[in-house]
Number of protein chains: 2
Amino acid sequence: MEVKSNILEATSNKNNAFDNFFKSAFTVDNIIFGFDEADLKVLLIKRGEIPYENQWALPGNFVYQDENLDTAAKRVLAELTGVKNVHLEQVKTFGSVGRHPFGRVITIAYYSLIKISDYRLHVSSIAQEAAWHSLSDVKGLPFDHDEIFAACFNRLKLNIKRQPIGFELLPPKFTLTQLQHLYEAILEEKLDKRNFRKKILSMDFLIDLNELQEGVAHRPAKLFKFDKERYRRLYEEEGFHFDVAPTKHKKK
Amino acid sequence: MEVKSNILEATSNKNNAFDNFFKSAFTVDNIIFGFDEADLKVLLIKRGEIPYENQWALPGNFVYQDENLDTAAKRVLAELTGVKNVHLEQVKTFGSVGRHPFGRVITIAYYSLIKISDYRLHVSSIAQEAAWHSLSDVKGLPFDHDEIFAACFNRLKLNIKRQPIGFELLPPKFTLTQLQHLYEAILEEKLDKRNFRKKILSMDFLIDLNELQEGVAHRPAKLFKFDKERYRRLYEEEGFHFDVAPTKHKKK
DNA sequence: GTAATTAGTGTAATAGTTACACTTTGTGAA
DNA sequence: TTCACAAAGTGTAACTATTACACTAATTAC
């Protein structure tokens, strides 16, 4: 009771102190994005519990008593995929009164980006089953998960233009075409090939590895890697602004 | 007990169900910005309660049981200032384990923008006393309020370049110089007068009222107003990008 | 060796950004 | 009434970034 009564001392005396200590729970949801050469995917779990048992939903879990929020989000990811050390971003907190049928639940939404090749489904208490879904399949989710998903995808769209986070979704060595397809998938528009290459190379943080793609039935592409150190030196203070013309974009 | 036990059914069975229902509280903080002709200000309250009694802190309060998060943030603002219908934005949620000395407290941080002239200190249960502070005075705040403040100010800096929110801080009729000073205060850099005017006028959502400033001991400036409808029509889909050269900015 | 497939490349027109300094219009004091 | 003061208001040329656009090169599979 000690914690409770102390918190209540700090509360407004206009209200009954107990009003501020109602039954509630808080959770994190972590929207996990992956990219598989062609499409942007999201990892959904099949719920093993009521409510909405057996429906596909965003992965999430309660935050433990002695656990920070970011840690909880990382734990959800790690338990589900075994992947650690990823790009993680807190997006928005959802706490409408009626959003959970069983009571007041506040959910802090994160997204994270992983290399889909690193993914290996783990036996996990969080989910019965997990699977990658195309973005277009992500609708009709339970709770307010459609809204949460939209907020996270939206944030990703904004961030991709200002931070070098695309590389988190690609293997360490990638071709410029793969990178372009990734940008196109996130931004949901086709980009002009020459302008894309000119722009991204002019930013000067990609290193040409002088290696060629193998095992493709056409002219092999050069492989590049992202130079994080160089990025830091060049852009740490000012940041960048990636904006390339979609193909056949009409001028006003 | 009904709510509690139902939520607990939905929880992971790997953990003791009660672990997910520990003693906790959640609050909103609302960082209230105002602009007084020259400087950007923040409204701080003098805490009337332990911990940190009598220290200046960010305004905040518990979220009530039947209250949405945004509503709670608006309530904090209204109780403190009487101002309603403002620009409000959720910024980030803070929930580190040790951030509150009395127990686990999750805080959802918002900022809001008000016209300082509308402000009138209300008798309020939230604060003993409230006062505007210059940005440079906002440091050494209790809890992790320095970090919360930084996150909100940062967000404001980003948003001012992409949304027409500056007008929320100015009277309905304002001069271009006032507007420029506001941008300078938020961005923390001096801007070039001619470039600023050219850019903001070219955006085509300011209306020249054909009225002049009164009561100044120099050439009076023209008054403008922001045309919200026109803004919507022009920018609803694409948004804008406000970026004007600081004065004497050196090129690389 | 030829068809299929994707990689890779340059330029001119246009649009946007930047740097920069003097004239105008009002007030208020002598 | 005029002069000092203060801030308002204004244009342009140089530079930089963005856009639109189509063919040749390299490889594999048959």
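Throughout, a chain's letter reflects where its sequence line sits, starting with A, and its residues are numbered from 1.
Counted by atom type alone, T177(B) and R197(B) present one or more donor-acceptor pairs between their side chains at under 3.5 Å. Looking only at atom types and distance, the side chain of Y110(B) has a donor-acceptor partner in the side chain of D70(B) under 3.5 Å away.
Residues that satisfy the side chain to side chain contact (heavy atoms under 4.5 Å, CB included) test with S96(A), not counting sequence neighbours, are R99(A), N68(B).
Between Q180(A) and L191(A), the shortest heavy-atom distance links the atoms NE2-O, 3.0 Å.
Note: CZ (F196(A)) to C1' (dT9(C)) measures 16 Å, nearest angstrom. Rounded to an integer number of Å, the gap from NZ of K190(A) to P of dT19(D) is 18 Å. Remark: P of dA19(C) and CG of D243(B) are 13 Å apart, rounded to the nearest angstrom. Protein atom CG of L191(A) is 13 Å distant from nucleotide atom P of dT18(D), rounded to whole Å. One interatomic measurement links the two molecules: CD1 of I200(A) to P of dG8(C), which rounds to 15 Å at whole-angstrom precision. Rounded to a whole Å, the CD atom of Q180(A) is 12 Å from the C1' atom of dT6(C). Distance E214(B) CD to dT25(C) P: 18 Å, rounded to the nearest Å.
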Quick one: what's the B/S/- string for nucleotides 5-12 of chain D, heavy-atom cutoff under 4.0 Å, read 5' to 3'? -BSBBBBB

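Applying the salt bridge (Lys or Arg N to Asp or Glu O under 4.0 Å) test to residues at least two apart or on different chains, the pairs with a partner in residues 165-185 of chain A are K173(A)-E211(A).
Between D146(A) and K139(A) no salt bridge is recorded (no basic side-chain N to carboxylate O distance below 4.0 Å).
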